[in-house]
Visitor: 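Pasting in a structure now, in structure tokens, and then I'll have a few things to ask.
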Amino acid sequence: MRLDDDDVLRLLDPSALAPYPISLPMNLRSTTISREKLSKRYGGSPMDTFPTPSAHKIAEHGRRNFMCINLSLWNPNGPQVPGHGGLFFATDRKEESWMRASDGRPTVHTVFARLRSNEWLYLGQYELHPAPSLSAQQWCALSPYVRACWIKNICKKNWGTRVRARVHLRTTLGREPSRDEVESAQGSFAHVTPEQINDAFLNGDECIKTWSMKCVGYDEDFQREIVELARGG
């Protein structure tokens with residue numbers, strides 16, 4: 001289950017609503033590729049949301065800002081059609097370092113979306129801008145499968161440490177911790193349970209941060225290269 005259209009319209013920046021025009025024939029723009037082939041050609045981990053190609057790979061193809069979103073597990077309201085807008089979910093605004101270049105301008109990402117197993121579709125070139133966080137009600141509107149995925153990984157992944165720290169500190173301090181207290185907290189807080197994480201989202205102590213994804217370009221030559229790679233076996 002995804003957020004309903006009204007919720008998405010409230011969260012999505014109005015500038016992201018108009019699709020970017022694409023002239024590439026439908027049979028070409030709808031061709032998908034596996035993450036393994038994508039990684040082999042362009043570099044970076046086939047598992048990361050933001051794969052980082054090596055300097056050698058970047059020198060080969062000139063692309064560095066890849067973004068691969070999983071629509072079924074993590075981002076059910078992400079873009080699903082090339083050129084269209086959508087929402088990206090995250091747990092913390094601290095992650096915005098990958099959203100802006102050193103000069104402060106929005107980073108333009110080459111975005112792929114997972115449609116099915118081993119099928120990743122090039123969507124276009126996207127800017128991401130901060131949008132309102134999900135309310136507790138909107139969190140509950142997500143499918144149990146999506147919520148369970150977030151909770152499970154917040155409990156065990158390094159990027160979930162700040163969430164676990166906040167949950168731990170609320171319990172021990174009896175109040176909302178300050179940013180400095182969270183940043184200076186020591187440990188992995190692996191003792192924090194999935195039930196505690198879920199309760200924090202349900203009562204609004206924690207929330208999913210959202211980013212509005214706007215398509216600002218579509219590289220047709222790049223997609224033609226993807227088609228060749230996908231058909232190459």
Side-chain angles (χ1 to χ4, degrees), residues 2-3 8 11-13 16 32-54 57-58 61 63-82 84-101 106-131 133-134 139 142-143 145-164 197 201 206-217 219 222-223 226:
R2 308 165 62 213
L3 298 178
V8 172
L11 295 169
L12 200 62
D13 189 282
T32 61
I33 191 171
S34 70
R35 279 297 297 270
E36 288 72 24
K37 288 184 178 180
L38 198 61
S39 177
K40 183 177 180 180
R41 171 65 181 90
Y42 297 101
S45 168
M47 301 298 294
D48 291 348
T49 301
F50 296 94
T52 304
S54 66
K57 283 292 188 181
I58 293 174
H61 53 67
R63 294 180 177 272
R64 64 178 71 239
N65 297 312
F66 288 90
M67 180 179 184
C68 300
I69 59 175
N70 190 313
L71 298 175
S72 60
L73 289 178
W74 301 99
N75 290 281
N77 290 91
Q80 302 184 40
V81 177
H84 286 238
L87 296 172
F88 178 71
F89 294 166
T91 57
D92 209 305
R93 290 289 184 222
K94 291 282 283 187
E95 298 177 20
E96 70 178 1
S97 59
W98 32 252
M99 296 303 175
R100 293 196 175 275
T107 298
V108 177
H109 294 274
T110 299
V111 176
F112 286 81
R114 180 186 182 275
L115 303 185
R116 288 167 292 277
S117 178
N118 292 321
E119 294 184 17
W120 291 79
L121 178 66
Y122 171 57
L123 297 174
Q125 307 300 119
Y126 282 77
E127 291 180 352
L128 281 77
H129 300 274
S133 300
L134 295 188
W139 164 257
L142 300 176
S143 75
Y145 185 68
V146 170
R147 283 182 279 135
C149 181
W150 278 99
I151 291 169
K152 174 184 175 181
N153 284 277
I154 287 171
C155 278
K156 69 177 186 178
K157 298 290 189 180
N158 287 339
W159 53 259
T161 301
R162 281 194 296 270
V163 177
R164 299 194 301 270
I197 298 294
F201 279 101
E206 292 293 332
C207 58
I208 292 293
K209 311 301 189 293
T210 73
W211 298 81
S212 179
M213 300 182 66
K214 176 184 177 181
C215 186
V216 295
D219 190 331
F222 176 64
Q223 175 59 9
I226 293 297

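Nothing here was measured: the structure is a model prediction, and the numbers come from that model.
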Visitor: Just so I know, are the side chains of L123 and C215 near enough to count as touching, which here means a heavy-atom distance under 4.5 Å?
Guide: no

Visitor: Looking at E36, is its backbone amide N or carbonyl O close enough to the side chain of S39 to form a donor-acceptor pair, meaning the two atoms are under 3.5 Å apart?
Guide: no

Visitor: Rounded to the nearest 0.5 Å, how far does CZ of R114 lie from CD1 of I69?
Guide: 12.0 Å

Visitor: Measure the shortest side-chain to side-chain distance between L134 and L11 over non-hydrogen atoms and say whether it is less than 4.5 angstrom.
Guide: yes

Visitor: Nearest 0.5 Å, what's the CD1-CZ distance between I197 and R164?
Guide: 7.5 Å

Visitor: Using 0.5 Å steps for rounding, measure from the CD1 atom of I208 to the CD1 atom of I154.
Guide: 5.5 Å

Visitor: How long is the gap from OG1 on T52 to CZ on F66, to the nearest 0.5 Å?
Guide: 10.5 Å

Visitor: Has the side chain of H109 got a donor or acceptor atom that lies under 3.5 Å from a matching backbone atom of V111?
Guide: no

Visitor: Who passes ring-ring contact (aromatic ring centres under 6.0 Å, His included) against W74, sequence neighbours left out?
Guide: W150, W159

Visitor: The test is side chain to side chain donor-acceptor pair (under 3.5 Å); show your working for T110 and Q125 and say whether it passes.
Guide: CA-CA 5 Å; T110 299; Q125 307 300 119; 3.0 Å; yes

Visitor: Distance-only, no hydrogens or angles: does the N118 side chain make a donor-acceptor pair with backbone N or O of S34 under 3.5 Å?
Guide: no

Visitor: Do R64 side-chain atoms and P53 backbone N/O form a donor-acceptor pair below 3.5 Å?
Guide: no

Visitor: Please answer whether the main-chain N or O of G78 pairs with a side-chain N or O of N75 as donor and acceptor at a distance below 3.5 Å.
Guide: no

Visitor: Heavy atoms, side chains only, cut-off 4.5 Å: are T107 and L128 in contact?
Guide: no

Visitor: Rounded to the nearest 0.5 Å, what separation is found between the OH atom of Y126 and the OG atom of S212?
Guide: 10.5 Å

Visitor: Could you check whether any side-chain heavy atom of L12 comes within less than 4.5 Å of a side-chain heavy atom of L87, counting everything from C-beta outward?
Guide: yes

Visitor: Can you tell if the side chain of R147 reaches within under 4.5 Å of the side chain of F201, non-hydrogen atoms only?
Guide: no

Visitor: Of all heavy-atom pairs between G43 and P51, which one has the smallest distance, and what is that distance?
Guide: O-CB, 4.5 Å

Visitor: Is L38 close to C68 at the side-chain level, that is, under 4.5 Å between some pair of heavy atoms?
Guide: yes

Visitor: Atom CH2 in W120, atom NZ in K37: separation rounded to 0.5 Å?
Guide: 16.0 Å

Visitor: Just by modelled atom types, is the D48 backbone N or O under 3.5 Å from a matching donor or acceptor in the R35 side chain?
Guide: yes

Visitor: Answer yes if the ring centres of Y42 and F112 are under 6.0 angstrom apart, and no otherwise.
Guide: no

Visitor: Could you tell me if the side chain of L71 sits less than 4.5 Å from the side chain of Q80, heavy atoms only?
Guide: yes

Visitor: Taking K57 for the side chain and K40 for the main chain, is one N or O donor matched with an acceptor at less than 3.5 Å?
Guide: yes

Visitor: Set out, in order, the CA-CA distance, both residues' side-chain angles and the distance that settles side-chain contact (heavy atoms from CB on, under 4.5 Å) for N65 and F50, then state yes or no.
Guide: CA-CA 7 Å; N65 297 312; F50 296 94; over 6 Å; no

